[in-house]
Novice: 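Here it is, the structure in full.
These numbers come from the heavy atoms of this one structure, side chains and all, not from hydrogens, waters or symmetry mates.
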Amino acid sequence: LHSGRKAFFYSRSCTVAPAELEGHLLDHPDVVDVCVVGIPHDYHGESPLAFVVPSAAAQARIRQNPGEEAKIKAQLIKVSVYASCLCDFV
């Protein structure tokens, strides 16, 4: 069985493993599932795109206060940017 997903992609001249980014995002308490793929980027080669399933608690907070979605998204962007920058130090 072949998933069709690449094990690595290249962004800013470094190798990025989607599974590693997924692991960092799954550590966030508001995330229950995630899938990261590389999408074409004119300057960086490819950039990560994460499809995130929020936890039930996060979904409830979003329903109560739609502004909560932006807060959660900002936190996840910080996690993914930090994780994708780790390749610069390897």
Novice: According to a 4.5 Å side-chain heavy-atom criterion applied to Ile, Leu, Val, Met, Phe, Trp and Tyr, with indirect links allowed, do Leu26 and Leu76 form part of one hydrophobic cluster?
Specialist: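 Same hydrophobic cluster.
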Novice: Checking side-chain contact (heavy atoms from CB on, under 4.5 Å) against Ser55, which of Asp33, Val32, Val31 comes through?
Specialist: Val32
Novice: Once rounded to the nearest 0.5 Å, what's the spacing between atom CD of Glu69 and atom CD of Gln59?
Specialist: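 Interatomic distance, Glu69 CD to Gln59 CD, rounded to 0.5 Å: 10.5 Å.
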Novice: Can you measure from CG (Leu25) to CD1 (Ile77) and round to the nearest 0.5 angstrom?
Specialist: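 Here the interatomic distance stands at 10.5 Å.
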Novice: Does His28 reach the side chain of Val52, with side-chain heavy atoms less than 4.5 Å apart?
Specialist: no
Novice: Rounded to the nearest 0.5 Å, how far does CG of Leu49 lie from NE2 of His41?
Specialist: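 Going from NE2 on His41 over to CG on Leu49, the span is 12.0 Å.
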Novice: Which value, rounded to the nearest 0.5 Å, describes the distance between Asn65 atom CG and Lys71 atom NZ?
Specialist: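 Output value for this atom pair is 6.0 Å.
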